[in-house]
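For reference, the structure discussed in these notes is given below.
Quick note: numbers below take in every heavy atom, side chains included, and nothing from hydrogens, waters or symmetry partners.
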Amino acid sequence: MATTFINCTRPSWDEYFLELAAMIASRSTCLRRRVGAVLVSKERIIATGYNGAPRGLAHCLDMGCMREQMGIPSGHRYELCRGVHAEQNAIINAAYYGVSTQDTVLYCTNQPCIICARMLINAGVIRVVHRGNFEDDLALQFMREAGIVLVEMPSSGS
């Protein structure tokens, strides 16, 4: 006999993939901001990424935050960091395993920065769903100009 659940609500696809991105962020090795990203094609995960040092290099968890040591505020001088952003790692992981990112959706725990925005545009991402918590107006402008649909979801409270 089948079990019937009353008042059982399923998360939307956006909520579902954002929650997975939050779980992926737990692997981050950044001392300042833990970010997770999920690349999806037709409701199927094709790649994930979190922010941290490149493969084989020491993590900030092990050696400290270079940006903190240099007094660099959040949102400035992105190139002065050991870490690769979560969005970048999702794109890189797709490429590493030979998976196309054309016409995909990116789910991310934070709004992408301008560097990630340019990469997402060139990777063929058509929609970005994020939770906010990082403001980069130029990134938003570029993604809108490129025709990427942007969706900011409210914080999950978790």
Side-chain angles (χ1 to χ4, degrees), residues 10-55 59-60 65-68 70 72-158:
R10 293 173 56 189
S12 69
W13 285 115
D14 287 350
E15 293 164 336
Y16 173 74
F17 289 121
L18 277 175
E19 286 303 313
L20 290 174
M23 173 57 76
I24 290 160
S26 71
R27 291 279 305 153
S28 170
T29 60
C30 179
L31 297 171
R32 282 188 167 185
R33 183 185 302 264
R34 299 180 94 169
V35 182
V38 179
L39 263 176
V40 173
S41 177
K42 300 175 186 164
E43 281 81 41
R44 181 172 138 310
I45 296 170
I46 62 164
T48 64
Y50 54 86
N51 55 331
R55 287 181 177 98
H59 294 285
C60 298
C65 176
M66 140 190 218
R67 292 173 59 77
E68 194 70 36
M70 297 171 79
I72 300 169
S74 180
H76 295 83
R77 303 297 312 265
Y78 300 117
E79 76 280 7
L80 297 176
C81 181
R82 291 187 71 75
V84 178
H85 289 188
E87 305 93 322
Q88 295 168 6
N89 269 326
I91 293 167
I92 291 164
N93 285 331
Y96 188 86
Y97 293 104
V99 179
S100 173
T101 57
Q102 186 175 351
D103 298 330
T104 55
V105 177
L106 178 89
Y107 292 89
C108 194
T109 57
N110 291 86
Q111 177 200 307
C113 71
I114 184 60
I115 295 170
C116 291
R118 292 188 304 234
M119 291 179 71
L120 294 167
I121 292 164
N122 278 355
V125 172
I126 59 171
R127 187 168 180 259
V128 172
V129 181
H130 65 91
R131 292 246 190 249
N133 297 325
F134 185 81
E135 292 189 22
D136 187 328
D137 292 336
L138 188 58
L140 295 175
Q141 177 187 329
F142 273 40
M143 288 187 285
R144 285 186 184 112
E145 186 179 335
I148 293 176
V149 175
L150 298 170
V151 179
E152 183 174 348
M153 300 285 286
S155 177
S156 64
S158 54

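- Rounded to the nearest 0.5 angstrom, Ile45 CD1 and Thr104 OG1 are separated by 13.0 Å.
- Note on ring orientation: taking the six-membered ring where Trp is involved, the planes of Phe17 and Trp13 are parallel (angle under 30°, cut-offs 30° and 60°).
- Formation of a donor-acceptor pair under 3.5 Å by the Asp136 side chain with backbone atoms of Ile114 is found in this model.
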**Item:** Verdict with supporting geometry, Thr29 and Cys60, side chain to side chain contact (heavy atoms under 4.5 Å, CB included)
**Value:** CA-CA 6 Å; Thr29 60; Cys60 298; 5.5 Å; no

**Asked** Given the rule in the side chain to side chain contact (heavy atoms under 4.5 Å, CB included) test, do Val125 and Leu39 qualify, once you have shown the distances and angles that lead to the verdict?
**Response** CA-CA 9 Å; Val125 172; Leu39 263 176; 4.0 Å; yes

**Message:** Run the side-chain hydrogen bond (donor to acceptor under 3.5 Å, both in side chains) test on Ser74 and Arg33 for me, step by step, so that the C-alpha distance in whole Å, both residues' side-chain angles and the decisive distance to 0.1 Å come before the verdict.
**Reply:** CA-CA 9 Å; Ser74 180; Arg33 183 185 302 264; 3.3 Å; yes

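- In terms of heavy-atom proximity, Ile46 sits nearest to Ser100 at CD1-O, 3.4 Å.
- Heavy-atom neighbours of Met23 CE from other residues, nucleotides or ligands within 6.0 Å: at or below the threshold of 12.
- Ile148 CD1 to Leu140 CG: the interatomic distance, rounded to the nearest 0.5 Å, is 10.5 Å.
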**Item:** Verdict with supporting geometry, Met143 and Val128, side chain to side chain contact (heavy atoms under 4.5 Å, CB included)
**Value:** CA-CA 9 Å; Met143 288 187 285; Val128 172; 4.1 Å; yes

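- Counting heavy atoms from C-beta outward, Tyr50 and Asn89 have side chains that stay 4.5 Å or more apart.
- From Asn110, atom CG reaches atom CD of Glu87 across 7.5 Å, with rounding to the nearest 0.5 Å.
- Summarising the geometry of Gln88 relative to Met119, their closest heavy-atom pair is CG-SD, 3.4 Å, with the distance given to 0.1 Å.
- Checked by atom type and distance alone, the side chain of Thr109 pairs as donor or acceptor with a backbone atom of Gly36 at under 3.5 Å.
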**Request:** Any chance you could lay out the side chain to side chain contact (heavy atoms under 4.5 Å, CB included) test for Leu80 and Met70, step after step, and finish with the verdict?
**Result:** CA-CA 9 Å; Leu80 297 176; Met70 297 171 79; 4.1 Å; yes

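- A distance-only check finds a donor-acceptor pair linking the side chain of Arg34 to the backbone of Ser26 [under 3.5 Å].
- Not a single salt bridge (Lys or Arg N to Asp or Glu O under 4.0 Å) links Glu135 to another residue, sequence neighbours left out.
- Nearest heavy-atom pair, Ala139 versus Pro112, reported as atom, atom and distance to 0.1 Å: CB-O, 3.5 Å.
- No side-chain heavy atom of Glu152 sits under 4.5 Å from any side-chain heavy atom of Gln111.
- For the atom pair SG (Cys116) and CD1 (Ile91), the distance works out to 7.0 Å, reported to the nearest 0.5 Å.
- Gln102 CD: 12 or fewer foreign heavy atoms inside a 6.0 Å radius.
- Taken to the nearest 0.5 Å, the CD1 atom of Ile24 stands 10.5 Å off from the CG atom of Leu18.
- Put simply, the side chain of His85 reaches to within 4.5 Å of the side chain of Cys113, judged on heavy atoms.
- When side chains are defined from C-beta on, Ser28 does not count as touching Val35, because their heavy atoms never get closer than 4.5 Å.
- The shortest non-hydrogen separation linking Met153 to Glu15 is CE-CG, 3.9 Å.
- Other residues, nucleotides and ligands contribute more than 12 heavy atoms inside 6.0 Å of the CZ atom of Phe134.
- Annotation for Ala90 and Ala37: closest pair CB-CB, 4.3 Å, computed over non-hydrogen atoms.
- Annotation: side chain of Arg127 is in contact with side chain of Tyr107 (closest heavy-atom distance under 4.5 Å).
- Taking both residues in full, the closest heavy atoms of Leu31 and Cys65 are given as CD1-N, 3.6 Å, listed atom of the first, atom of the second, then distance.
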